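The structure presented is a predicted model; accordingly, all values stated were derived computationally and were not measured. In what follows, chains carry the letters A, B, and so on, assigned in the order in which the sequence lines appear, proteins first and then strands, with residues in each chain numbered from 1.
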Protein chains: 2
Amino acid sequence: MSDLILVVDDDEDIRNLLTFNLQREGYQTIEADDGAIALELVRSHHPSLILLDIMLPRVDGLAVCRELGKDRNTDSIPIIMLTARGDEVDRIVGFELGADDYVVKPFNTRELLLRVKAMLRRRGQSENEDPLLRCHSVCLDPQAHKVTINDKPVELTALQFCLLKDLMSNPGCVRSREELLSSVWDYQFEGYDRTVDTHIKRLRARLGDAADIIETVRGIGYRCKG
Amino acid sequence: MSDLILVVDDDEDIRNLLTFNLQREGYQTIEADDGAIALELVRSHHPSLILLDIMLPRVDGLAVCRELGKDRNTDSIPIIMLTARGDEVDRIVGFELGADDYVVKPFNTRELLLRVKAMLRRRGQSENEDPLLRCHSVCLDPQAHKVTINDKPVELTALQFCLLKDLMSNPGCVRSREELLSSVWDYQFEGYDRTVDTHIKRLRARLGDAADIIETVRGIGYRCKG
DNA sequence: AGTTTTGTGTCATTTGTGTGACAGCTTCTC
DNA sequence: GAGAAGCTGTCACACAAATGACACAAAACT
């Protein structure tokens with residue numbers, strides 16, 4: 001479902017910083033601390049994107065870049081280079097190498113995350129397509145963060161919205177409480193099953209007459225009508 | 001929609017570097033590797049800005065500058081000169097030439113981009129044909145940098161204007177604080193979420209009765225009525 | 001019946017937002 | 001220059017809303 005990102009840097013602190021932030025944004029991550037391992041991991045895991053430091057032991061970042069560019073299986077994987085000095089950049093980017101973007105250290109985390117997001121969206125590999133979701137009289141607009149029933153707006157809290165969006169994104173599919181907890185709530189929320197029930201109740205209350213688009217599947221979970 | 005920038009340099013690597021960065025910032029680019037071609041392209045494409053190296057084959061940068069300055073169709077196009085040595089600058093800045101700014105090689109990419117941005121903003125030629133943005137009683141004119149409510153002018157600071165423009169450019173869409181920070185503030189600004197709140201407050205205060213076109217989406221961000 | 005599962009109401013706690021205050025800056029004015 | 005005025009980013013506080021946990025009622029299944 002979510003994108004896998006390979007983080008390559010020999011500095012463990014930087015890897016931790018990056019993976020922490022990426023995971024918080026819902027990405028999966030793998031790590032390498034030198035270029036040779038990076039190449040192996042790319043071939044075995046096919047990440048959706050690579051964050052690549054230039055200065056690496058054994059095989060350096062530029063070489064990794066060049067190597068990946070030669071292989072048809074890997075040449076379309078977007079690479080964001082991490083570089084220590086601004087003037088290194090001038091020699092690197094856009095040239096014979098396959099780097100698609102770069103960020104100069106010390107980088108701003110928010111900027112980096114935005115670039116990652118933008119890159120994945122551009123490649124159309126992200127789940128970032130936001131069509132309107134419809135189910136009977138209910139219509140959910142992810143961009144505007146709005147829900148309407150028969151074109152009449154309904155007020156939902158952020159959590160209710162996410163919950164409904166999850167259900168409507170999987171019409172006809174049963175979603176177990178565990179699945180909902182892990183997808184709607186934070187990645188490591190020590191949740192209590194019944195919390196889901198409570199929110200389903202609140203969501204149904206807000207949906208009023210349209211509450212029946214959410215079906216209870218006894219013993220399993222909940223389902224949005226398909 | 002976006003500005004077209006002509007990049008003139010005989011060094012292909014530098015052209016690549018510049019076009020890469022400009023495109024990343026959303027500009028369109030065309031390239032020339034000598035002065036004669038540059039002049040042709042200016043006349044055929046009417047770019048919004050020119051990045052011009054001084055040392056060029058055939059017709060050099062200074063001559064291009066002078067040439068463009070003579071023609072009423074081209075004399076208002078801003079030119080940023082790229083120059084290798086500091087002492088060349090003295091001749092440029094004398095300004096019998098039409099150069100509006102200059103950057104010394106090896107230049108810092110971010111600095112150059114900022115100058116480009118600033119120049120286009122100053123000339124008000126940015127975002128060719130910006131339509132008026134309207135939302136209920138509020139009308140925002142990006143070119144004139146003016147906002148009116150029921151045709152009565154409202155004083156906004158630059159930041160408030162940018163913020164409102166961002167919101168009104170995405171009517172009905174929720175903009176998260178992160179998105180606003182990265183789009184309204186500088187990319188590198190290590191912002192603090194609540195700063196956005198403060199500016200929203202100030203913006204609403206200026207908007208008076210029309211403040212309700214900016215909706216708070218709790219837990220998500222802000223949205224301009226669609 | 002009994003057992004399991006789900007729905008609902010309540011409540012303490014957490015979280016998010018609006019707001020005023022303030023210091024550091026820049027810009028303007030004299 | 002000096003001083004005033006305005007803009008900006010940060011913070012602390014108060015208030016309102018949302019959340020998560022729990023108890024108990026209701027429903028579904030055996």
Using the side-chain contact (heavy atoms from CB on, under 4.5 Å) criterion, which residues pair with [X]? Sequence neighbours excluded.
X	answer
A:Glu12	A:Arg15, A:Asn16
A:Asn170	A:Asp166, A:Cys173, A:Arg175
A:Cys139	A:Leu132, A:Arg134, A:Thr148
B:Arg202	B:Gln160, B:Thr198, B:His199

Atom-pair distance ([atom1] on [X]; [atom2] on [N]), nearest Å:
X	N	atom1	atom2	answer
B:Leu181	D:dG9	CG	C1'	11 Å
A:Arg202	D:dA21	CZ	P	11 Å
B:Leu203	D:dC7	CG	C1'	14 Å
B:Ile200	D:dT8	CD1	P	13 Å

Anything under 4.0 Å to a heavy atom of chain B counts; send over the first and last such nucleotide of DNA chain C, read 5' to 3'.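 Counting from the 5' end, contacts occupy C:dT15 to C:dA21.
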
Please tabulate, for side-chain N and O atoms in residues 210-222 of chain A, each donor-acceptor pair with protein atoms closer than 3.5 Å (sequence neighbours left out).
from     : atom 1 : to       : atom 2 : distance (Å)
A:Glu215 : OE1    : A:Arg223 : NE     : 3.0
A:Glu215 : OE1    : A:Arg223 : NH2    : 3.3
A:Thr216 : OG1    : A:Arg204 : NH2    : 2.8
A:Tyr222 : OH     : A:Arg177 : NH2    : 3.4

Taking DNA chain D as the partner, which of residues 154-175 of chain A come within under 4.0 angstrom of it by heavy atom?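 A:Thr157, A:Leu159, in order of number.
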
Polar atoms only, N or O, under 3.5 Å: list the protein pairs with nucleotides 27-30 of chain D and their distances.
from   : atom 1 : to       : atom 2 : distance (Å)
D:dA28 : N3     : A:Arg218 : NH2    : 3.3

Within residues 192-199 of chain B: residues closer than 4.0 Å to DNA chain C (heavy atoms):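 Residues of residues 192-199 of chain B that come under 4.0 Å of DNA chain C are, in numerical order, B:Arg194, B:Asp197.
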
Just report the end-to-end axis angle for the helix from C:dA1-D:dT30 to C:dC30-D:dG1, five pairs per end, to 10 degrees.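 The angle, to the nearest 10 degrees, is 30°.
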
Ring pair (Phe, Tyr, Trp, His ring centres under 6.0 Å) contacts in which one or both residues fall within residues 132-160 of chain A, not counting sequence neighbours: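 Those involving residues 132-160 of chain A are A:His145-A:Phe161.
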
Check whether any side-chain nitrogen or oxygen of B:Trp185 sits under 4.0 Å from OP1 or OP2 of D:dT8, and answer yes or no.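 Answer no for this pair, as no side-chain N or O of B:Trp185 is under 4.0 Å from OP1 or OP2.
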
Return the set of residues passing side chain to side chain donor-acceptor pair (under 3.5 Å) with A:Thr29 (not counting sequence neighbours), or none when no residue passes.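 Counting only residues at least two positions away or on another chain, A:Thr29 forms a side chain to side chain donor-acceptor pair (under 3.5 Å) with A:Gln23.
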
